[in-house]
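The structure appears right after this line, and notes come after that.
Given the structure is predicted, the values throughout are model-derived calculations rather than measurements.
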Amino acid sequence: MGSYSPQTIDLLKKEIPVEQEPLLLSGDVKTGLVLVDIVNGFCTVGSGNLAPQAPDKQISGMVDESVKLAKMFCEMKWPVYALLDSHHPDIPEPPYPPHCLAGTDESKLVPALQFLENEPNVTLRCKGCIDGFLGSFENDGSNVFVDWVKANNIKAILVVGICTDICVLDFVCSALSARNRGFLTPLEDVIVYSRGCATFDLPVHVARNIKGALAHPQELMHHMGLYMAKGRGAKVVSQVSFATQ
């Protein structure tokens, strides 16, 4: 949490609360799982400019929750859409330093999720921008995510990944706008699992010493990402369970 006290975080959560409910998945509503950027370059210690430099409880917890969900969805053969940040070395992404370059380990799924590469119910999509919805467009104007929703008759998506307030939020906002415009029929609900998301920590006292850097206190920005997603129309859930088959 950097230089922010627990009291500050508690005050924020009191002033702008994010009400969360548990989610029970029964199969009655066709649900797809969307994994956002759970790659080494954002999640594995020491794996690049934007990876954690030391073990991070929020990030490792997000990975654990995402792995559990991915295994359950594969076991039930429910659709999974995995976005992987993957950049051409000659195309920068300001304001961020080079990261997740295509073909490197940084752009690969974390080891615990690499089994998804061989699962028939999984669609992998490399993206070269923050917003995975925009990153799903092909040169011919078609959109791989839109096609995935329609082909699988998905009525709800469950979104997990990193960063809560950046790539996850941008994807969620675009998906909600596309849903509202009727581009994602039959999609109805965009659901964000709070413990299945995480963001990075750049405390204010560290950011001051990095030219052009913005402070990014982890717990604060994670909460703000969830709050903004809910304000756009997403559902935010505190836990996910599966009905007994």
Side-chain angles (χ1 to χ4, degrees), residues 32-44 47-52 56 58-63 65-67 69-70 80-88 91-102 104 106-110 113 116 123-137 143-146 148-149 157-179 184 190-202 213-214 216-234 236:
L33 177 66
V34 178
L35 305 162
V36 180
D37 289 345
I38 310 179
V39 296
N40 291 316
F42 294 142
C43 303
T44 301
S47 293
N49 289 323
L50 298 185
D56 184 288
Q58 190 184 91
I59 293 175
S60 59
M62 173 274 297
V63 171
E65 292 300 313
S66 299
V67 170
L69 289 174
V80 176
Y81 192 79
L83 289 159
L84 292 77
D85 208 50
S86 181
H87 295 278
H88 190 284
I91 303 177
E93 188 179 48
Y96 304 104
H99 62 280
C100 299
L101 298 183
T104 67
E106 285 186 40
S107 65
K108 293 181 180 177
L109 289 165
V110 296
L113 283 174
L116 293 175
T123 299
L124 301 177
R125 175 67 184 185
C126 293
K127 67 178 182 69
C129 61
I130 294 170
D131 185 336
F133 185 88
L134 291 179
S136 293
F137 275 105
N143 188 293
V144 179
F145 170 69
V146 173
W148 174 78
V149 168
I157 55 170
L158 177 61
V159 185
V160 296
I162 191 168
C163 290
T164 319
D165 55 314
I166 306 173
C167 292
V168 172
L169 179 62
D170 280 17
F171 170 80
V172 164
C173 290
S174 292
L176 287 164
S177 292
R179 177 204 66 182
L184 280 171
V190 176
I191 306 165
V192 179
Y193 175 32
S194 59
R195 291 197 298 127
C197 294
T199 194
F200 67 94
D201 191 33
L202 185 61
L214 293 174
H216 193 275
Q218 184 182 52
E219 189 65 27
L220 234 166
M221 298 309 295
H222 174 68
H223 181 80
M224 288 303 301
L226 297 173
Y227 178 83
M228 296 297 287
K230 185 153 190 175
R232 295 295 196 278
V236 179

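- Taken from CZ in Phe42 to SG in Cys163, the straight-line distance is 6.5 Å, to the nearest 0.5 Å.
- At least one side-chain heavy atom of Ser194 sits less than 4.5 Å from a side-chain heavy atom of Val236.
- Between Phe145 and Thr123, every side-chain heavy-atom pair lies at or beyond the 4.5 Å cut-off.
- Residues Val190 and Arg232 have side chains not in contact (no heavy-atom distance under 4.5 Å, counting atoms from C-beta outward).
- Minimum interatomic distance between Cys100 and Gly41 (heavy atoms only, all atoms of both residues): SG-CA, 3.9 Å.
- The CD atom of Glu65 sits 3.5 Å away from the OH atom of Tyr193 when rounded to the nearest 0.5 Å.
- Atom CG in Leu113 sits 10.0 Å away from atom CG in Asn40 (nearest 0.5 Å).
- When side chains are defined from C-beta on, Ile166 counts as touching His216, because their heavy atoms get closer than 4.5 Å.
- Residues Leu124 and Leu109 meet the side-chain proximity criterion, which asks for heavy atoms closer than 4.5 Å.
- Using a 4.5 Å heavy-atom threshold, the side chains of Ser136 and Asn143 count as touching.
- Contact record, Cys197 with Val160: SG-CA, 3.9 Å, taken as the closest heavy-atom pair.
- For the pair His222 (side chain) and Thr164 (backbone), a donor-acceptor distance under 3.5 Å is absent.
- Taking each heavy atom of Asp56 and Gln58 in turn, the nearest pair found is OD1-N, 3.1 Å.
- In this structure, OG on Ser47 lies 11.5 Å from NZ on Lys108, to the nearest 0.5 angstrom.
- Under the 3.5 Å distance criterion, the side-chain polar atoms of Asn49 are left unmatched by any main-chain donor or acceptor of His99.
- For the pair Arg125 (side chain) and Tyr81 (backbone), a donor-acceptor distance under 3.5 Å is absent.
- Closest non-hydrogen pair, Ala198 versus Ile162, comes out as O-CG1, 3.3 Å.
- Between Ile157 atom CD1 and Leu184 atom CG the span is 7.5 Å, to the nearest 0.5 Å.
- Remark: the backbone N or O of Phe171 is not paired with any side-chain donor or acceptor of Ser174 at under 3.5 angstrom.
- With a 4.5 Å cut-off on side-chain heavy atoms, Phe133 and Val146 count as touching.
- Atom CZ of Phe137 is surrounded by more than 12 heavy atoms from other residues, nucleotides or ligands within 6.0 Å.
- Proximity of a side-chain donor or acceptor of Asp85 to a complementary backbone N or O of Asp37 within less than 3.5 Å is not detected.
- Within the model, atoms CG of Asp165 and OG1 of Thr199 stand 4.0 Å from one another, a figure rounded to the nearest 0.5 Å.
- Between Ile38 and Met62, some side-chain heavy-atom pair lies under the 4.5 Å cut-off.
- Listed here is the closest heavy atom pair of Val110 and Cys43: CG1-CB, 3.7 Å.
- Residues Asp201 and Pro217 share a closest heavy-atom pair of OD1-CA, 3.6 Å.
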